[in-house]
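Written below as structure tokens is the structure these notes are about.
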Amino acid sequence: MADTILSIENLSKKYQGKVALNSTNLKIKNGEFVALVGQSGGGKSTLLRLIAGLEPMTSGTISQNNQLIHGINSNTRVMFQDDRLLPWKTVRENITFKKPKNSETAEVVNQLLERVELQGFADAYPASLSGGQRQRVALARALFVNPEILLLDEPLGALDALTRSKMQKLILDLWQERKMTVILVTHDVHEATKMANRIYVVKNNKIEATFENPLAYPRTDATCTNLSTTILNKIIDQD
Amino acid sequence: MQTLEENPHNIKINLAKILTNLLHYLLPWTIPTLIIISWQLASINGLIESTILPSPWQVVQTTITSLQSGVLEQNMAISLYRALSGFVIGGSIGFLLALCTSLSQTLNLLLDSSVQMLRNIPHLALIPLVILWFGVGESSKISLVTIGVLFPIYINTYHGIRSVDSNLIEMGHSYQLNSWQLFWHIIIPGALPTILMGVRYALGVMWTTLIVSETLASSAGIGYMSTNAQSFMDMSTILMCIMIYALLGKLSDLMAKSLETSLLNWQIKGGMING
Ligand SMILES: Nc1ncnc2c1ncn2[C@@H]1O[C@H](COP(=O)(O)OP(=O)(O)OP(=O)(O)O)[C@@H](O)[C@H]1O
Ligand SMILES: [Mg+2]
């Protein structure tokens, strides 16, 4: 099991006695792109926040590269639906936040900005960017530290359809270029089947079903439809 | 080859633009200017008696004489000293108090409701008390300004800090900022727009408090000059003092505004500043 990057065992989380995540087990291999889909309130964000170390777990373990996670997991970066950029810092300052300013980091930022097609925006403040541009800055910021695992919690939820599909492609390309591991939470089953190698249906505060998705990239809407339908049925299934 | 500037059509456009800009600057001044001119004319023609309202020119002359004798500078310096000391003391106390109550739940429980209770006392109502305690010396004026300034700074700092986006704070935690870094990089900048609104408001309170307290009990300062002139029926000095207060008020407001524009320039591009 050398290439398991993330191993979650019996993970549970309660908020004031109310179960948010119930005894969950999960193994993710290095370089995989997995998606979590499922009903609202099912526990998807909770699972992601636990992996990022933003929330203490109630019981169970999370280990990344065989290291138990305690507190903030600095080998991961999270991107949320809201960009969480600091409005008083420029695009460049947001991306390099907390890192020394030198020519080396400046060069990395320039490359990243070029990659997300925002060259020329380095000195702009977030207030002057569109929602899609801000999300791309947030993506660049997340990638700046080269995280082993990129955690995405509905990152495209607030974008229009066209921007959204462009961002999906960008994220997929970056994932393949950087050979990182990505965990994507999404409401959009179709987005999950288009992007992920494996899709977990999170329901009733645990992982209810797993779907492998071996389709080759780039995937078209047509090739994904069957799997999407199956997953959707699983989500709404009343069992 | 024809450059943009050489094109006669463009020159015409530029000229029109300059004229529009000029109009933009001049237009707000037309009504005040007209009032002053007609006031001056009415005074010259004896329509307004100078014992009731001196002419603008008389006020200007009084100002020049008071400046030449140095009386005006002296009193202005005293007034400014009182205003600024009160502002700095009250502002610092208000700010520090707000830091305590907004950042610590325990101190919040301990202090906030008491501060909120005290805030409801109109500080000008304290004048008789303050005079009995401190006399008519500097400390009475400074302490009144201090009390007046303290609350707006307190309230705005408190609200500013409390309403910093919790997602940004969580973002800070995920970057493993320590408390000081969190405070300096996220909480203070996040609260700054609200804090500066408080500063601007407090500056207004500072002048009103100073005017009232100097007029009621003082042996120096602009307010004293005005009260003193009253006993000599010296109308033009009274008007001069009013003008000076107005100018100082405007000046401090401009300073606060330019502080806002320079510290909050990150908002401008989003079109959020409009004051
Ligand atoms: N900070 C919190 N305090 C209390 N309860 C919480 C908190 N965060 C989440 N919960 C609860 O935990 C459960 C799981 O929430 P979670 O946010 O993980 O769901 P989700 O699958 O991400 O839903 P959505 O698709 O709507 O984002 C919900 O019942 C929610 O109310
Ligand atoms: Mg969620």
Side-chain angles (χ1 to χ4, degrees), chain A residues 45-46 48-56 69-101 121 123-131 133-134 137-138 141-142 144-145 147 149-151 153-155 158, chain B residues 95 98-99 102-103 105 156-157 159-200 256-275:
Chain A
S45 298
T46 304
L48 218 62
R49 296 171 60 79
L50 289 170
I51 297 171
L54 290 171
E55 217 69 71
I69 299 300
H70 282 293
I72 297 295
N73 180 352
S74 53
N75 287 321
T76 64
R77 273 285 179 263
V78 202
M79 195 181 149
F80 297 92
Q81 180 166 340
D82 56 309
D83 53 73
R84 303 195 182 186
L85 298 176
L86 298 174
W88 46 89
K89 295 204 184 277
T90 62
V91 166
R92 181 184 297 283
E93 290 165 343
N94 265 291
I95 294 176
T96 61
F97 188 53
K98 237 197 127 195
K99 281 283 180 305
K101 288 192 185 95
F121 285 88
D123 299 317
Y125 285 101
S128 62
L129 304 181
S130 72
Q133 290 172 327
R134 279 205 289 270
V137 177
R141 176 179 65 181
F144 177 72
V145 290
I149 305 182
L150 181 63
L151 303 167
D153 194 349
E154 295 274 349
Chain B
F95 183 74
L99 288 190
S102 58
L103 298 174
Q105 194 56 42
N156 281 277
T157 308
H159 271 290
I161 291 179
R162 276 300 173 107
S163 53
V164 172
D165 186 352
S166 59
N167 285 339
L168 292 184
I169 294 178
E170 186 182 81
M171 205 278 299
H173 284 306
S174 74
Y175 271 80
Q176 292 174 296
L177 300 187
N178 60 36
S179 313
W180 168 252
Q181 290 169 322
L182 199 67
F183 177 72
W184 187 246
H185 289 291
I186 294 180
I187 292 175
I188 282 296
L192 201 59
T194 320
I195 296 177
L196 289 179
M197 252 162 58
V199 168
R200 223 167 135 184
K257 223 164 133 178
S258 69
L259 197 70
E260 273 181 24
T261 17
S262 65
L263 288 178
L264 305 181
N265 64 339
W266 46 271
Q267 286 186 332
I268 298 173
K269 287 166 189 163
M272 281 158 79
I273 283 193
N274 43 29

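The model shown is predicted, which means the values in this text are computed figures rather than measured ones. Residue numbering restarts at 1 for every chain, and letters A, B, ... go by the order of the sequence lines.
In this structure, A:L86 and B:W266 have side chains that are not in contact, with every pair of non-hydrogen atoms separated by 4.5 Å or more. B:H185 is not listed as a side-chain neighbour of A:K98, based on a closest heavy-atom distance of 4.5 Å or more. Looking at heavy atoms from C-beta onward, A:V145 lies out of side-chain contact with B:Y175 at the 4.5 angstrom threshold.
Heavy-atom minimum distance, B:S174 versus A:R77: O-NH1, 3.9 Å.
Note that CG of B:L177 and CZ of A:F97 are 4.5 Å apart. Values are rounded to the nearest 0.5 Å. Note that the CG atom of B:L168 and the CG atom of A:D83 stand 8.5 Å from one another [nearest 0.5 Å].
A:D82 touches chain B through its side chain: at least one heavy atom from C-beta onward sits under 4.5 Å away, while N, CA, C and O do not. Only the side chain of A:R49 comes within contact range of chain B, judged by heavy atoms closer than 4.5 Å. Contact of A:L85 with chain B is made through the backbone alone, with heavy-atom distances under 4.5 Å. Residue B:I186 touches chain A through both its backbone and its side chain, counting heavy-atom pairs closer than 4.5 Å.
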